[in-house]
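Small disclaimer: the values here were computed from a predicted structure and weren't measured.
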Amino acid sequence: MHTETKKRLKRTHTCGDLQAQHEGQEVVLMGWVHRRRDHGGLIFIDLRDRYGLTQIVFNPQESEDMHELASTLGTEYVIAVKGIVRPRPEGMVNPNMQTGEIEVLAKDLKVLNPSKTPPFLIDDDSGAKEDLQLKYRYLDLRRPPLQQAILCRHKVYQAVRGFLDNDGFIEIETPILMKSTPEGARDYLVPSRNFKGKFYALPQSPQTYKQILMISGFDKYYQIAKCFRDEDLRADRQPEFTQIDIEMSFVEPEDIFDMVERMMVYIFKEVLGRAIDRPFPRLSYDEAMAQYGTDRPDIRFDMPLIDISHVARRCDFRVFTQVLEGGGHIKGIKVSGGASLSRKQIDALAEEMKPFGAKGLSTIKRSDTGIDSSLAKFFSQEDLEEIVRTFDAQPGDVCLIVADQPHIVASSLSFLRTKLAQERGLIPENAFQHCWITQFPLLEYDEDRDRYVAAHHPFTAPRQEDIELLATQPEKAKAKAYDLVLNGHEIAGGSIRIHTSEIQNRMFRALGIDEHEAKEKFGFLLDAFEYGAPPHGGIAFGFDRLVMILAGKTSIRDVIAFPKTTSASSLMDDSPSKVSEEQLKELGLCLRPEIG
RNA sequence: GGGGCCGUAGUGUAGCCUGGUUUAACACACUGGCCUGUCAAGCCAGAGAUCGCCGGUUCAAAUCCGGUCGGCCCCGCCA
């Protein structure tokens, strides 16, 4: 035991540290065996930790025993090496390595822990399929790209906390076990043992708590909060995710915009060392929908949606005229140089637009000699020319046109716009373009539930001038709500809140929530409003999405240490899983017979 | 709830459309041997797969059909 202690090695440097200046120093490195190159005589080991790689050389002349031991090292063994830093021989410098000027001549080797052969290569690209990566997430997380992503996430946490603290915000935690509320996403439920038959819900967001904190006088609050929504997943949606949740008292939207823009400038500077321009451009919801067909437009490239209804009204194409009579839209986008797209390619695009409801895709190509269009027989030459002018199409361009209900035209063309921009390389690399979307509708009509639902959430304030519309034409009311969009991703959304129980009750009435139900579900908030609620508003960031964009990833799974699959399971720890009969009994639960 | 793509040695792919001369191929990893300047080390040899699972069609299924499970992408959904 005593000799063990004496011989124990203490790490002096990391695998990313050593340079020519360390020549001659005795160092101790610890890490994972990244690769072994065994020449029978000399053995080279690339030793890896999260800081980098360092080449270790084992020479049998130093110690036969040590050399023997080095020859048994396998990939991912954890070892400690004591050795002397020396410059690499003439011509052996590796300029691709951070530590490529030097190597460590091993004097002592200890195997701290052997490793089974890993199921995939620990490298920039392991080549393994994603389910295998998720099962062995602890190995996947050793890969440099994921380590960098997690490090980026750390930097964003620190930047956010640093900025908000400096700006006078107070970090306050709110409960994870809370009351289930109607409206919004499906809740994750937690059964109560003390109150059998009753349930907590995990927060979809800390919305009601942060409003109550405003009433408590914490006029500048923030929290980096875990949120939970039991809905179907996407590349940028996980069942549990993280928000930067912010709320302020005595503010108007301008105050929020100013604070958020300063924070984004700070984050980009701290995390990427980049300067970004502000103020961020603003578009109203209606403008965004008209120009881009989406409320989260990617404005790194142009390609706006162009309305040609005024010309289409005069054509003989019944599909078009019927769409217009039914209140539909006829719009299109111009693809510069797109006249070279083949019939087959266009058909493929049309096929991809079908899930959005688009039934057809019409084309108008402009060449040097004239206009070639699938609509030629329905339009006069003059009208075709007018359409081409409306699009400002040059020879070699093609205009792709959809006629349908407004929401179908918008979503399918928005998809097409992004898709073509990606395929044709129109999106500038390494560009970051924010924009604000403002003046969202307050309410939307829900066909299934046969009533209005809150477009944002039921605490969102209507514009002052629209309050009367709540009782008369609710769909026309606009909200003091705003989203922050970055490169086509919604990264934050917020609003000025209702702060009087009088307006809040009018809102509930518009939503078809009667007084009894309102009291039952949100009574605590309505009560709180009676005791001097300050005007307030705020915003919440999708933290994972923000980090995803900053880290240059295309899925938030890449910036979450332990993400779930698209079916919300965790392949590493195999959750969700069954629980024992005793556990169920304790909670007063039994499973429906068909579940077993 | 719906649509699309994928599932073949430890890993990634080919083979599948057009069923049988395929003893299921290739690369990486792995095992053994040789090797003192490699850094994706090299050379030689070797082991490793009832083709996700269940059923059907057929003389014959990795291959065709139906179902099912899992992963990814999308529509709906996500206040």
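Among the heavy atoms of the strands lying under 4.0 Å from A:Pro119 are primed sugar atoms or P, OP1, OP2 only; no base atom is included. Using a 4.0 Å heavy-atom criterion, one finds that A:Arg451 contacts no nucleic acid atom at all. Across all strands, A:Glu103 comes closer than 4.0 Å to base atoms (heavy-atom distances). Contact annotation for A:Gln55: base contact, defined as any heavy-atom pair under 4.0 Å involving a base atom. Counting non-hydrogen atoms under 4.0 angstrom, A:Ser567 reaches the backbone sugars and phosphates but no base. Residue A:Phe356 is in sugar-phosphate contact alone, with no base atom involved, counting any heavy-atom pair closer than 4.0 Å across all strands shown. As judged by a 4.0 angstrom heavy-atom cut-off over every strand, A:Arg36 is placed among residues making no nucleic acid contact. Residue contacts shown for A:Asp232 include a base, since a base heavy atom lies under 4.0 Å away.
Base pairing of B:rG32 is made with B:rC44, judged by Watson-Crick or G-U wobble geometry with both donor-acceptor distances under 3.5 Å.
Contact of A:Arg88 with B:rC39 (side chain to base): a donor-acceptor pair of N or O atoms is detected under 3.5 Å. If you check distances only, the side chain of A:Asp131 never reaches the base of B:rG7 with a donor-acceptor pair under 3.5 Å.
A salt bridge does not link A:Lys344 with A:Glu351: none of the charged nitrogens is closer than 4.0 Å to a carboxylate oxygen.
To the nearest whole angstrom, the two P atoms, one in B:rG19 and one in B:rC64, are 9 Å apart.
By the 30° and 60° cut-offs, the orientation of the rings of A:Tyr138 relative to A:Tyr136 is perpendicular.
Once the 5.5 Å centre distance and the 30° plane angle are applied, the aromatic ring of A:Phe120 is found not to be stacked with the base of B:rU11. Per the stacking criterion (ring centres < 5.5 Å, plane angle < 30°), A:His39 stacks onto the base of B:rA41.
Phosphate proximity of B:rC73 to A:Arg557: present, with a side-chain N or O under 4.0 Å from OP1 or OP2. Side-chain nitrogen and oxygen atoms of A:Arg37 include none within less than 4.0 Å of the OP1 or OP2 phosphate oxygen of B:rU38. Distances shorter than 4.0 Å separate some side-chain N or O of A:Arg234 from OP1 or OP2 on B:rC75.
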Checking salt bridge (Lys or Arg N to Asp or Glu O under 4.0 Å) for the pair A:Arg296/A:Asp483: CA distance, chi angles, key distance, verdict?
CA-CA 8 Å; A:Arg296 47 182 179 89; A:Asp483 278 358; over 6 Å; no

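The minimum heavy-atom distance linking A:Leu233 with A:Ala568 is given by the pair CD1-N, 3.7 Å. For A:Lys521 against A:Thr181, the heavy-atom pair with the smallest separation is O-CG2, 4.2 Å.
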